Structures are given as structure tokens and as C-alpha cells.
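Some notes on the structure that comes next.
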Amino acid sequence: SKAKTPVYNTAEWFKTFKNKYEVGETAQICVGTAFQNAPILYEIEIDGNIIKKEWLNFNNEQRILEIPVTEAMRGNFGVHLTFHQNSRVY
């Protein structure tokens, strides 16, 4: 989606554009929140190991995260998105 704000007025929003990605492709995940000043911990996991960790700050917006799929990711990899707001963990 090209919209800058989340499709729904919700605490969390995420959607992949495909269910399966092959080595050499770029996985795309649309991530959003209606909250202001929401720091989100973004992690990529392969075989139980976190290979990337980054803090992203969202302000009532959505973004497309792009992940180049490497040979090391063949078979399976995970994406974790974690944040807290108003004493709740998402």
C-alpha cells in the first residue's frame, strides 16, 4: 500500500505481500501503527539466532520493510516486531 498512514486505526498492522519468497527475492512487509511516538524493535531470526536488530520509530504511519532473501534464509526465517504503548506489549 502506498498510503502513509495505517489502513486501519489500530495499534498494530502488518501484512506480507507474498506467502513465500525465494533466494534472491526481496521480502516485503507492510508494518504500521496508529500510535504516535511508537518505537518498534524490528528483528530478523534464522535458526534461533537474531541476525538483525533495529529500532524503528513510528508516528501514526505505515512503512514497507524490505528484506533481501539470502541463501542463509533458505527454508525459513522469522521477523519479530515488538513494541509497548499504554502499558501493553504488542
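Everything quoted here is computed from the prediction, not taken from an experiment.
Counting only distance, with no hydrogens or angles, the side chain of N59 and the backbone of Q36 share no donor-acceptor pair below 3.5 Å. Formation of a donor-acceptor pair under 3.5 Å by the T26 side chain with backbone atoms of P68 is not found in this model.
Within 6.0 Å of NZ in K20 there are 12 or fewer heavy atoms belonging to other residues, nucleotides or ligands. For NE2 of H80, the number of neighbouring non-hydrogen atoms (other residues, nucleotides, ligands) closer than 6.0 Å is greater than 12.
Residues M73 and I44 are in side-chain contact: their nearest non-hydrogen atoms beyond the backbone lie under 4.5 Å apart. Looking at heavy atoms from C-beta onward, R63 lies in side-chain contact with L56 at the 4.5 angstrom threshold. Looking at heavy atoms from C-beta onward, E12 lies out of side-chain contact with T33 at the 4.5 angstrom threshold. You'll find the side chain of N57 reaches within 4.5 Å of the side chain of N37, heavy atoms only. At least one side-chain heavy atom of W13 sits less than 4.5 Å from a side-chain heavy atom of Q62.
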_Candidate pair E43 and L81, rule side chain to side chain contact (heavy atoms under 4.5 Å, CB included), full reasoning_ = CA-CA 7 Å; E43 300 173 306; L81 301 162; over 6 Å; no
*Between I67 and V79, does a side chain to side chain contact (heavy atoms under 4.5 Å, CB included) hold up when you go through it step by step?*
CA-CA 10 Å; I67 304 165; V79 176; 3.6 Å; yes
*Given N60 and F35, is the side chain to side chain contact (heavy atoms under 4.5 Å, CB included) satisfied, shown in steps?*
CA-CA 5 Å; N60 187 33; F35 288 132; over 6 Å; no
*List the steps and the verdict of salt bridge (charged side-chain N to carboxylate O under 4.0 Å, His left out) for K18 and E25.*
CA-CA 11 Å; K18 291 173 49 177; E25 293 183 322; 3.0 Å; yes
*side chain to side chain contact (heavy atoms under 4.5 Å, CB included) assessment of F17 paired with C30*: CA-CA 8 Å; F17 292 95; C30 185; 4.0 Å; yes
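Pairs engaging residues 76-86 under the salt bridge (Lys or Arg N to Asp or Glu O under 4.0 Å) rule: none recorded [sequence neighbours left out].
Interatomic distance, K15 NZ to I29 CD1, rounded to the nearest 0.5 Å: 11.5 Å.
In this structure, Q28 and I64 approach most closely via the heavy-atom pair CB-CG2, 3.9 Å. Heavy-atom minimum distance, F77 versus I46: CB-CG1, 4.0 Å. Here the closest non-hydrogen pair linking A27 and Y21 is CA-CE2, 3.4 Å. Minimum interatomic distance between V31 and F58 (heavy atoms only, all atoms of both residues): O-CE2, 3.4 Å.
Every residue two or more places apart in sequence or in another chain that forms a ring pair (Phe, Tyr, Trp, His ring centres under 6.0 Å) with F83 is listed here: Y90.
Annotation for I50: hydrophobic cluster partners, listed by chain and number, are none (ILVMFWY side-chain heavy atoms under 4.5 Å, direct or chained).
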